[in-house]
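Everything quoted here is computed from the prediction, not taken from an experiment. By convention here, the first residue in the shown sequence is residue 1.
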Amino acid sequence: MRKILILILLACSLTAWGTKYYVDAAGNDGTGDGSVGNPWALVSYACTQVTTPGDTIYVNPGTINESARINLARGVHLLGDSTDIPKIISTYRDASYYAVWLADETVQDGNQSISYLHFDGSNYTAYGAIMISRRNNVDIHHCTFTNFHLWGVRFYVPNSVGELSPNYATGNSFRHNTVTNCAGYGANGYGGCGMDGQEDFYIGYNDFIQKNTPGLNGMPIKCVNGIIRNGKIEHNNIYMNPFTSSEHWDFAIELWDCRGGVEIAYNYCEGSLDIGGRSNLRGEYAYSVWAHHNTFKQPSQALNQHTRGLIVEGQTTNEYIIFEKNYVQNTCTGVAMGSEIAGASHNNIRISYNIFESLGLDDSQATSSKGWGAKWGDGPNSTQTADSIIFLNNIFTAKVGTYSTMWGIQIPQVVATNIIIRNNIILNFDFAPVYGQNNGDPGITCDILSIENNCFYGNGYSNVPRYGPDYTPTNNTTQNNIIADPTFVGGSPYSYKLQAGSPCINAGIATGLSFIATDYDGVAIASPPEIGAYEY
C-alpha cells in the first residue's frame, strides 16, 4: 500500500512539474529535440512542439530574434534564466496581434507563468508584447518590456462598453516587471499594462517608464474598456514626461467601469489616477474604488491647466469611491469630478486625510485664475445628482506665485445633497477657500451643507465661503471655522504636522465614521480630532 501511495505521489509530481524543454540562440529547429544538449533555436518553434499543460519552455541566456508570433498553449510555462535574463527581440507586426499570444475562444484556465525574460519590440516595430485573452491564472513576473509600438501586456476579455452583465477572467497577475516606452498613442492612448474584463487580479511592484517623444505616449496602466473587480494595484512606480499641451492625457492609471473591490495603494505616479468609463459601482463590495497611500504628482509645478491628481468621471454612475491618505503635488487641480452625460449620479464619495500641495500653474505659463483644490466639471449638471460627497481632514495648499489661483473646495455643481466639508486646512487660494455656483442654471442646487471646523488662511474673499449669483445652499451649517495660521512644523522636506500651540489642535469635529481610525501617518485619531491630516 505504501509503495502504491509513493507511486501516486510521484505521478502527481511529474504531472505538476512536467517536462522542461530548452531554447538557445545556438540551437537548431531542424535537428534539435528541445533537450538540454540539443535545444531549439526559436521560442515560436518551441511553442509548436510543447503543448502539454505543466511543461516548461526554458530560454537560455542570450538573444533570440523572432519574426513569427509566439503562440503559448494553455498550461505551458515560459521561463528564462533568472541570473542572466535572455532577450527576445520581436519584429512581429500583423494588424493588432501581439508578439506573444495566449488566447482562447472562451474563458479557460491557463495555470501558467511567463518569467525572467526581456521582451524587446525592435524600436517600436512590434505592435505589442503579450496578449492574454480569455485565460485565467496567468502570472507574468520578473520580466522586462521595452519599445513596443502600442501595448506592453494586456489581459483581456471582450465586453461591450459599460456592460452590466460582463464576462470575466480571474486570477491574472503582473508583478515585479519593468516596462519602458510600451504605451503608445495612435487614435487613442494605449497601455503598458492593461486589465479588461478581469476579477481577482493583481498589478504590483512594477516599474513603468513612459517617456517617449511627447505626443506618442499612452497610459502606463490602462484598463479600458475596463470592467474590473476585486483587484489590487499596489507598489508600482510610474515615471512620465511632464504633462504639456504636446501630450494627450495626464493619466498614469486609467480605469474604466470599476465594479467593486478595486484597491489602489502605495503607488508612486508622475501623473493622475482617472476613474472613468460608464458605471463605477460597488456591487457586493464595501467600495467600488479605494485609493490610499499613493503619490500623484507632476515632477515640477504644473505646465498645463489640465493636470490633475485624482479624477472621477464615470459617465452614468460613480459610487462608493474613497480617496484616503494620498499625496498630490504640483498639479493644477487636486481632485476633478463630474460627467458630461445628462442624468449621471455621484454618491458616497469620501476624500479624507489627503495632502494636496502646491496646486496651480507654474509662473512660466503667465496665466491667472488657474489652480483648484476640488473642482467640478461643466457638463449638463442640473440633470445630475451628487449625494454624500465628503471632505474630511484634508490639507489643500495653492501654489504661491505671481499669478492667481482659484478656490480650495467646490460644492458639487449639480443637484447636490448632504455635502460635508469638515476639519480641512485650506491655504492661499486667491478666489475663496470654498465656492459654490449654479453657472447660470437655477436647477443646480445644494441642500444640507456642512462647512464646519475647518481652518482657512491666506485665501481670498476674507477666508469665508463664496457663492455665485442666485446660488444659496439650503440647510447650510457653516460654523466654527478658524481663520488663522495653522502653524505647520515646516522644514525640508516640508512637514504639515502641527506645531505646539497650533489653533488646529483639538479643534476638529468628530466625523462619526468609526472606520476612519487613524490619521495620514497611521496615528490613532483622538476625540475631538485635530483639523488637518495629522494628529498632534
So does Asp470 have more than 12 non-hydrogen atoms from other groups sitting under 6.0 Å from CG? no

For a 4.5 angstrom cut-off between non-hydrogen side-chain atoms, does Glu357 reach Tyr496? yes

Apply side-chain contact (heavy atoms from CB on, under 4.5 Å) to residues Thr317 and Leu281 and explain how you reach the verdict. CA-CA 7 Å; Thr317 307; Leu281 309 169; 3.6 Å; yes

By side-chain hydrogen bond (donor to acceptor under 3.5 Å, both in side chains) - contacts of Asp196 (at least two apart): Arg154

Other residues, nucleotides and ligands only: do more than 12 of their heavy atoms fall within 6.0 Å of OH on Tyr457? no

Could you check whether the rings of Trp151 and Tyr190 sit parallel, tilted or perpendicular, using 30° and 60° as the cut-offs? perpendicular

Mind checking whether Ile395 and Phe356 have side chains closer than 4.5 Å, heavy atoms only? no

Distance from His306 atom NE2 to Ser272 atom OG, nearest 0.5 Å? 12.5 Å

Between Tyr435 and Phe431, how do the two ring planes meet: parallel, tilted or perpendicular, split at 30° and 60°? perpendicular

Pair Gln413-Gln437, side-chain donor/acceptor within less than 3.5 Å: yes

Residues in side chain to side chain contact (heavy atoms under 4.5 Å, CB included) contact with Thr477, at least two apart in sequence or another chain: Glu452, Gln479

If the plane angle is over 60° it's perpendicular, under 30° parallel, otherwise tilted; pick one for Tyr205 and His176. parallel

Parallel, tilted or perpendicular, as decided by the 30° and 60° cut-offs, for the rings of Tyr266 and His235: parallel

Under a 4.0 Å threshold between the charged nitrogen and the carboxylate oxygen, would Arg229 count as salt-bridged to Asp200? no

Check whether any side-chain heavy atom of Phe429 lies under 4.5 Å from a side-chain heavy atom of Met406, and answer yes or no. no

Indicate yes or no: at least one non-hydrogen side-chain atom of Asn267 is less than 4.5 angstrom from one of Ile233. yes

Heavy atoms, side chains only, cut-off 4.5 Å: are Ile482 and Phe456 in contact? no

Exceeds 12 heavy-atom contacts within 6.0 angstrom, atom NZ of Lys297: yes

Pro529 backbone acceptor or donor facing Asn423 side chain under 3.5 Å: no

Does Asp363 form a salt bridge (Lys or Arg N to Asp or Glu O under 4.0 Å) with Lys399? I'd like the steps, not just the answer. CA-CA 10 Å; Asp363 278 349; Lys399 177 228 48 169; 3.0 Å; yes

Salt bridge Arg350-Glu324, side-chain N to carboxylate O under 4.0 Å: yes

Check whether any side-chain heavy atom of Asn438 sits under 4.5 Å from a side-chain heavy atom of Thr445, and report yes or no. no

For the pair His248 and Tyr185, name the ring-plane relationship: parallel under 30°, tilted 30 to 60°, perpendicular over 60°. parallel

Within 45° of the six-membered ring axis of Phe391 and under 6.0 Å from that ring's centre, is NZ or CZ of Arg422 located there? no

